[in-house]
**Q** 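One structure follows; several queries about it will come next.
Every number for a ligand or one of its atoms is a count from 1 in the order of the listing. For the numbers below, each heavy atom of this structure counts, side chains included, while hydrogens, waters and symmetry mates do not.
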Amino acid sequence: MESLPIRKARNLIRRTKIIWIATAAAIILVAAICVNSSQYASPPPKSPSMAPPAQHSKVFDGHEDCDIFSGDWIPNPEAPYYTNKTCWAIHDHQNCMKYGRPDSDFMRWRWKPNACNLPLFNPYQFLHIVRGKSLAFVGDSVGRNQMQSIICLLSRVEYPIDMSPPTTDKHWKYVNYNFTMSYFWSPFLVRSGVRDDVGPTNTGLFNLYLEEFDESWTNQIHGFDYLIINAGHWFNRNTVYYENRRVVGCRYCLLPNITDLPATYAYRRAFRTAFRALENFDGVTLVRTFAPAHFEGGEWNAGGDCVRRRPVGSNDTVLDGQTLDMYTAQLEEFRAAMGRGKRGMRAMDVTKMMLLRPDGHPSRYGHWAEEKVVLYNDCVHWCLPGPIDSGADILLHMLKMEARRG
Ligand SMILES: *[C@@H]1O[C@H](CO)[C@@H](O)[C@H](O)[C@H]1NC(C)=O
Ligand SMILES: *[C@@H]1O[C@H](CO)[C@@H](O)[C@H](O)[C@H]1NC(C)=O
Ligand SMILES: *[C@@H]1O[C@H](CO)[C@@H](O)[C@H](O)[C@H]1NC(C)=O
Ligand SMILES: *[C@@H]1O[C@H](CO)[C@@H](O)[C@H](O)[C@H]1NC(C)=O
């Protein structure tokens, strides 16, 4: 749903300009941080639970074996832990308060697993665990959404330095912890291209080479300690599927003689290929499961919107329809890769957790009303601050588990 690849396809010259503007903006940002560094030098007062851990043993809390992915959202009046004034890393389209979202209760919930308490994200503990290490997000803008949430949550301790290349990839360095966080943009995970045609919904028509690595990330991940891989919503776009260099079908392309196939056809194969690319990857791979969208009253391009203002109870909804199909396909490929002996791979199984948060999306508060954007009512990404901040609680828990596995 990100407009960038379409821009990429439509106007290379403009893209180059955008990159330059982005680079200039990044330089100005870094400069601003240097000038304002005193503002960040001493983090604001913290509650006792946020104190730096005294020793490594504090990393363990006795709840490591709990199923953290089944639970409900409970009120957390303490949240949020940052605002759009204290954190500059919020992507503009997820800065819901800037665009006039009237309510803020959606920021004040935390995830409560049924069987235990999941500790809130402690930025000191997180940085303690990842000291000297590197983490990369690979996938689409929902992964980037989570990365920016983490930058904001860590901002109580430290802001990273932007060492990004002039592309859609990002590299952030936490100097005091020698921790690197990167983001590789690959919404389909496999090699893809853009066709000349804009496709039946006028949002671009893509070629997916389902068995071919997207080398823009597979060639760069060597040496990373952790990888968080995700994909999903781009598979609903108009795409033509290739295998063995031949067209095998498409997803709503309306081209003559090409069979229409479901999005899960490509989604499943894309993960299979991505996992094959990770066969020799030494680090830990966290596979972030499909994050459901919450369009109601229509599809994303046909007036659907997300206007709820509260989370839904786990007993009041079920995973169904395409969300269930995508989730199932992804988990089956995950298990198949594990079955083939892939080590160091875990499911970050957030689908059900995020299904319960129809209230956390930007909806129409991701842009000015008159602005022309691809995703007019955004019910895919998450407002920051917002529910995806709880993904950091999950991530920290999973990193603790890895630390314990040693
Ligand atoms: C932050 O949100 C407020 C509304 O709460 C808005 O007025 C302001 O422009 C936003 N600031 C930034 C830097 O996005
Ligand atoms: C920083 O971490 C990298 C590994 O990510 C390591 O190779 C390097 O030696 C570390 N540098 C310092 C100053 O500790
Ligand atoms: C579609 O397939 C039919 C039957 O094989 C063939 O006659 C026709 O030329 C094809 N059309 C295109 C546009 O390839
Ligand atoms: C959901 O249903 C189960 C079984 O009926 C019950 O034990 C649990 O308390 C319910 N959870 C909520 C949040 O209502």
**Q** For ligand 2, which is the ligand I care about here, please tell me if D225 has any N or O atom under 3.5 Å from one of the ligand's N or O atoms.
**A** no

**Q** Every pair of nitrogen or oxygen atoms between ligand 4 and the protein that is under 3.5 angstrom apart - can you list them with their distances to 0.1 Å?
**A**
residue: ligand 4; atom: 2 (O); partner: N315; partner atom: OD1; Å: 3.3
residue: ligand 4; atom: 2 (O); partner: N315; partner atom: ND2; Å: 2.2
residue: ligand 4; atom: 11 (N); partner: N315; partner atom: ND2; Å: 3.0

**Q** Would E332 and R335 pass as an ion pair if we require N to O under 4.0 Å?
**A** no

**Q** Does any N/O atom on N95 come nearer than 3.5 Å to any N/O atom on ligand 1?
**A** yes

**Q** For M163, does the CE atom sit with more than 12 other heavy atoms under 6.0 Å from it, leaving out its own atoms?
**A** no

**Q** Report the residues that fulfil side chain to side chain donor-acceptor pair (under 3.5 Å) with S149, sequence neighbours left out, ordered by chain and then residue number.
**A** D389

**Q** Are side-chain N/O atoms of Y327 and D349 paired as donor and acceptor at under 3.5 Å?
**A** yes

**Q** Does the ring center of H294 lie less than 6.0 Å from the ring center of H361?
**A** yes

**Q** Would you sort out whether H233 and W300 count as a side chain to side chain contact (heavy atoms under 4.5 Å, CB included), showing the intermediate values?
**A** CA-CA 11 Å; H233 298 284; W300 67 274; over 6 Å; no

**Q** Return yes when G132 approaches ligand 2 closer than 4.0 angstrom through a heavy atom, no otherwise.
**A** yes

**Q** Among W111, Y81, W109, which one satisfies side chain to side chain donor-acceptor pair (under 3.5 Å) with N76?
**A** Y81

